[in-house]
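To start, the structure under review is shown below, and the notes come after it.
Here is the naming used below: chain letters follow the sequence lines, and residue numbers restart at 1 for every chain.
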Number of protein chains: 2
Amino acid sequence: MGVTARKEREKLELRNQILEVATELFLKEGFDKTSIRNIAEKIEYSPATIYLYFKDKNEIFRAIHDKGFDIFFGKLSESQKIENPYMRLRRMGDLYLEFAFEHREFYDLMFVMRAPVEARNEEGNIDWLCGMRSFKLLQATITECMEKGYMKKMDLDVATVTISSLMHGMASLYIRERLVMYDQNILPYLFRDAMDNIMQAFKASPMTSSFTEN
Amino acid sequence: MGVTARKEREKLELRNQILEVATELFLKEGFDKTSIRNIAEKIEYSPATIYLYFKDKNEIFRAIHDKGFDIFFGKLSESQKIENPYMRLRRMGDLYLEFAFEHREFYDLMFVMRAPVEARNEEGNIDWLCGMRSFKLLQATITECMEKGYMKKMDLDVATVTISSLMHGMASLYIRERLVMYDQNILPYLFRDAMDNIMQAFKASPMTSSFTEN
DNA sequence: AAATTTATTGAACAATGTTCATAAAAATCA
DNA sequence: TGATTTTTATGAACATTGTTCAATAAATTT
């Protein structure tokens, strides 16, 4: 009989409800002000119940963290319709910052907060998959740029770390309010120029492009 | 009589002791695990006493934050003996990362955590001075690089934001464990190459150097 | 020696994450 | 259907947190 199937469905439903409410509260109030009791009240269950579906608070935020990476990947993927890998890479930069500005809390959870990392370390699992998808997309685009002669050839890891560090640096300095000495309205323009600069730096110099090499 | 002077001295002494103990605990255990009661116990006073010397926990960490910037400035200043501004700038990058690696907790407090920022916002004061000193040093060095023809001329804010974002991106991604996909031992080399890359990008192209322009 | 100012604290408050024995509900078995 | 077992939910408690405030103790001034 399908009774166990139904129970499993119900169990998943409640789990998802917890996640939904937790996400809502988190995006509205932030991590610290989202308490287990808060979530419990909203789903009309006792606080203890939540611990039947999640090991601890960190695990809840680990799950939200994963959701954030889904949205992030979706956003980055918007660039994939662009044929030219160099233009595509540049577009990915814009989309990255768009995501950070539009979903600050998500961004913070995904790239700054300690909570989801702590949860991962306890699980002992290697499911980096969430973030890895986006990471691989970046790597693939960079590789394509180099292969097709749009970018000068260099170590893939160096290029990847350079680009993602610059992107994360801008996003996180902004989100964590370490750029208050600047007019907040011009920051997007500064960031744009910074991206242009680094793209320029990686651009293949005419003499070493694939057209002359291959 | 010098009684009030002595009292003020004593008051300052206890304040400093609180700060010392708080710093020690913070560097050893981190922010969350450094509780007011913990500090109180170590200085052999009641928890309530601490509130006679600091408005709240954030204010304590705001003070530690400032101390961190002192050390940071001292570290960056080691570069000042280098005459050539371009080499000096490059050296500042190394020193920046050295600081981040050697004093993770300080770095985190200074550039990532929300606590000191919250304290600042409540104070309503503009005493960014701590961080500003280092910031100005970076700006001055970049300016000198451009003026003396070592770096191509560009908007100072763009150059500053680009460089500091890259630096902070690397440091914070590392400290907050977002680069676990890389062998942690090679990270310093990746970072070094990233810095070299960006320096190269900013280097004056021979045709636009000051030697041809001036 | 008394009055006043300053410094300190114990006890309490409200909130947090988390656990666990108990109770309720549901599914299975006789 | 009625009894048993398994699953699900909870109330109450624990330890801990930051913070406040009326009370005490200490030091200084009168």
Side-chain angles (χ1 to χ4, degrees), chain A residues 1-19 21-22 25-26 29-64 109 113-119 121-123, chain B residues 1-19 21-22 25-26 29-64 109 113-119 121-123:
Chain A
M1 57 190 79
V3 59
T4 55
R6 193 207 57 203
K7 293 207 92 179
E8 260 182 44
R9 213 175 48 232
E10 281 175 355
K11 203 161 163 112
L12 239 149
E13 243 169 59
L14 187 47
R15 202 192 124 100
N16 283 335
Q17 210 194 331
I18 292 172
L19 232 47
V21 167
L25 286 177
F26 165 70
E29 313 278 357
F31 177 78
D32 286 328
K33 278 164 192 163
T34 304
S35 70
I36 300 290
R37 284 177 175 82
N38 254 284
I39 299 169
E41 203 181 4
K42 267 222 165 185
I43 60 169
E44 296 178 290
Y45 275 83
S46 127
T49 303
I50 292 182
Y51 287 86
L52 300 176
Y53 296 85
F54 294 92
K55 193 179 140 284
D56 44 31
K57 196 185 172 185
N58 282 347
E59 203 179 274
I60 298 178
F61 285 88
R62 172 60 203 278
I64 298 177
L109 184 64
M113 287 190 176
R114 295 218 139 107
V117 177
E118 279 164 13
N121 290 343
E122 278 170 18
E123 290 167 33
Chain B
M1 60 191 80
V3 59
T4 54
R6 193 205 60 204
K7 292 205 92 180
E8 258 181 46
R9 212 175 50 233
E10 282 175 357
K11 204 161 163 108
L12 239 147
E13 241 170 59
L14 186 46
R15 202 192 126 98
N16 283 336
Q17 210 195 331
I18 293 172
L19 233 46
V21 167
L25 286 176
F26 165 71
E29 313 278 356
F31 178 78
D32 286 329
K33 275 164 193 162
T34 304
S35 71
I36 300 290
R37 282 177 176 80
N38 254 303
I39 299 168
E41 204 181 5
K42 268 224 166 183
I43 60 169
E44 295 178 292
Y45 276 84
S46 126
T49 303
I50 292 182
Y51 287 87
L52 301 175
Y53 296 85
F54 294 94
K55 193 180 141 282
D56 50 23
K57 196 185 173 186
N58 282 346
E59 204 180 274
I60 299 178
F61 284 88
R62 172 60 203 280
I64 299 177
L109 184 64
M113 287 190 174
R114 295 218 138 108
V117 176
E118 279 164 14
N121 290 342
E122 278 170 21
E123 291 167 33

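- The shortest heavy-atom contact between B:K42 and B:V21 is CB-CG1, 3.5 Å.
- In this structure, B:F54 places its CZ atom 13 Å from P of D:dT19, rounding to the nearest Å.
- Per the geometry, CG belonging to B:D56 stands 17 Å off P belonging to D:dT17, to the nearest Å.
- Side-chain N/O atoms of A:K11 include one lying less than 4.0 angstrom from OP1 or OP2 on D:dT8.
- Between A:K55 and A:K33, the residue whose closest nucleotide on DNA chain C is further toward the 5' end is A:K33.
- Within the structure, every side-chain polar atom (N or O) of A:N58 is placed at least 4.0 Å from both OP1 and OP2 of C:dG17.
- What you find for A:A22 and A:I39 is that their closest heavy atoms are CB-CD1, 3.8 Å.
- Residues in residues 47-58 of chain A take part in these side chain to side chain donor-acceptor pair (under 3.5 Å) pairs, two or more places apart or across chains: A:K55-A:E122, A:N58-A:E118.
- Between B:L14 and B:Y45 there is a side-chain heavy-atom pair separated by less than 4.5 Å.
- Spacing between atom CZ of A:R15 and atom P of D:dA9 amounts to 14 Å, rounded to whole angstrom units.
- Computed from coordinates, the A:E118 CD to C:dT18 P distance equals 11 Å when rounded to whole Å.
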Pairwise N/O distances under 3.5 Å, protein to nucleotides 8-12 of chain C:
unit_1, atom_1, unit_2, atom_2, d
C:dT8, OP2, B:Y53, OH, 2.8
C:dT9, OP2, B:S46, N, 3.0
C:dT9, OP2, B:T49, OG1, 2.6
C:dA12, N6, B:R37, NH2, 3.4

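- Of all the heavy atoms in B:L109 and B:P116, the pair that sits closest is O-CG, 3.3 Å.
- Rounded to whole Å, the distance from CD1 on B:I39 to C1' on D:dT17 is 12 Å.
- Rounded to whole angstrom, the span from the NZ atom of B:K57 across to the C1' atom of D:dT16 amounts to 11 Å.
- The neighbour count for A:E29 CD, taken as heavy atoms of other residues, nucleotides or ligands under 6.0 Å away, is above 12.
- One can place OH of A:Y51 at 6 Å from P of C:dG17, the figure rounded to the nearest angstrom.
- Put simply, CD1 on B:I18 is 12 Å from C1' on C:dA7, counting in whole angstrom units.
- At least one side-chain heavy atom of B:F31 sits under 4.5 Å from a side-chain heavy atom of B:M113.
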